[in-house]
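Okay, so here's the structure we're looking at.
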Amino acid sequence: MYGPPIMDWAVAPSVSKFHNGFYTDLGLGYMVGTKKGGGLVLSLGHSYKSLEKTVSYMDWRTQETISDVYHYDFNRIVLKVGWKF
C-alpha cells in the first residue's frame, strides 16, 4: 500500500509586530429620566481606530528577510443603550 507523500519542507517562522495606533470616540447622548432619579440613557456616536502591523518572514528562494506592513483603519457607528439607577 502507498501512504501519503512525505514532505520535509522547513517552514521559516514569521514574526508579527503591532505598533501603537490612534483611537477616538465621539458621541451625543440623551437621558429620559424618571421621578426617582434613574432613567433610560441613549447615545449615538462614532469611533475611529487605526493601527499598523509589520510581518517579517524569510523568502524560501533567496533566504532574504521580507517585511510586509499592513495599515488598518476601523470606522464604527456606535449606539449605546443603558439604564441609570
Side-chain angles (χ1 to χ4, degrees):
M1 294 231 136
Y2 294 102
I6 298 173
M7 296 179 194
D8 188 17
W9 292 343
V11 177
S14 64
V15 176
S16 296
K17 272 189 184 177
F18 284 95
H19 306 283
N20 291 337
F22 179 73
Y23 176 78
T24 184
D25 186 9
L26 178 67
L28 294 172
Y30 184 74
M31 184 174 109
V32 180
T34 62
K35 292 180 182 180
K36 296 180 182 179
L40 180 67
V41 180
L42 300 171
S43 176
L44 182 65
H46 178 266
S47 71
Y48 171 77
K49 183 190 300 186
S50 70
L51 67 111
E52 187 175 287
K53 176 183 175 184
T54 303
V55 178
S56 299
Y57 57 92
M58 187 173 294
D59 187 357
W60 64 275
R61 296 168 294 175
T62 62
Q63 301 300 314
E64 293 179 5
T65 301
I66 298 174
S67 294
D68 293 331
V69 178
Y70 298 94
H71 300 277
Y72 297 102
D73 291 315
F74 300 104
N75 287 294
R76 295 184 181 124
I77 295 176
V78 180
L79 174 64
K80 298 176 186 178
V81 179
W83 184 261
K84 181 179 177 185
F85 295 95

- Between Gly82 and Leu40, which heavy-atom pair has the shortest distance, and what is it? O-CD1, 3.4 Å
- Check whether any side-chain heavy atom of Leu44 lies under 4.5 Å from a side-chain heavy atom of Ile77, and answer yes or no. yes
- Task: With the side chain counted from C-beta on, respond yes when Val41 and Lys80 share a heavy-atom pair under 4.5 Å apart, and no when they do not.
- Result: no
- Note on the structure: When rounded to the nearest 0.5 Å, the distance separating OH of Tyr57 from OG of Ser67 is 8.5 Å
- Minimum heavy-atom separation for Val78 to Ser47, with atom names? CG2-OG, 4.0 Å
- Message: When you compare the side chain of His19 with that of Thr54, does any pair of heavy atoms fall below 4.5 Å?
- Response: yes
- Note on the structure: Interatomic distance, CG@Asp25 vs NE2@His46, rounded to 0.5 Å, equals 9.5 Å
- Query: What distance separates Leu26 CG from Thr24 OG1, expressed to the nearest 0.5 Å?
  - Reply: 6.5 Å
- Ser50 and His71: side-chain donor and acceptor closer than 3.5 Å? no
- Message: Working note: Leu42 + Leu79, criterion side-chain contact (heavy atoms from CB on, under 4.5 Å); need CA distance, chi angles, decisive distance, verdict.
- Response: CA-CA 8 Å; Leu42 300 171; Leu79 174 64; 5.7 Å; no
- Message: Take a 6.0 Å sphere around CG of Asn75 and say whether it holds more than 12 heavy atoms from other residues, nucleotides or ligands.
- Response: yes
- Could you give the distance from CD (Gln63) to CE (Met58), rounded to the nearest 0.5 Å? 5.5 Å
- Note on the structure: Rounded to the nearest 0.5 Å, the CG atom of Asp73 sits from the NZ atom of Lys49 at a distance of 12.0 Å
- Under a 4.5 Å side-chain heavy-atom rule over Ile, Leu, Val, Met, Phe, Trp and Tyr, are Phe74 and Tyr48 clustered together? no
- Can you measure from CH2 (Trp83) to CE (Met31) and round to the nearest 0.5 angstrom? 9.0 Å
- Message: Does Phe18 form a side-chain contact (heavy atoms from CB on, under 4.5 Å) with Leu51? I'd like the steps, not just the answer.
- Response: CA-CA 7 Å; Phe18 284 95; Leu51 67 111; 3.2 Å; yes
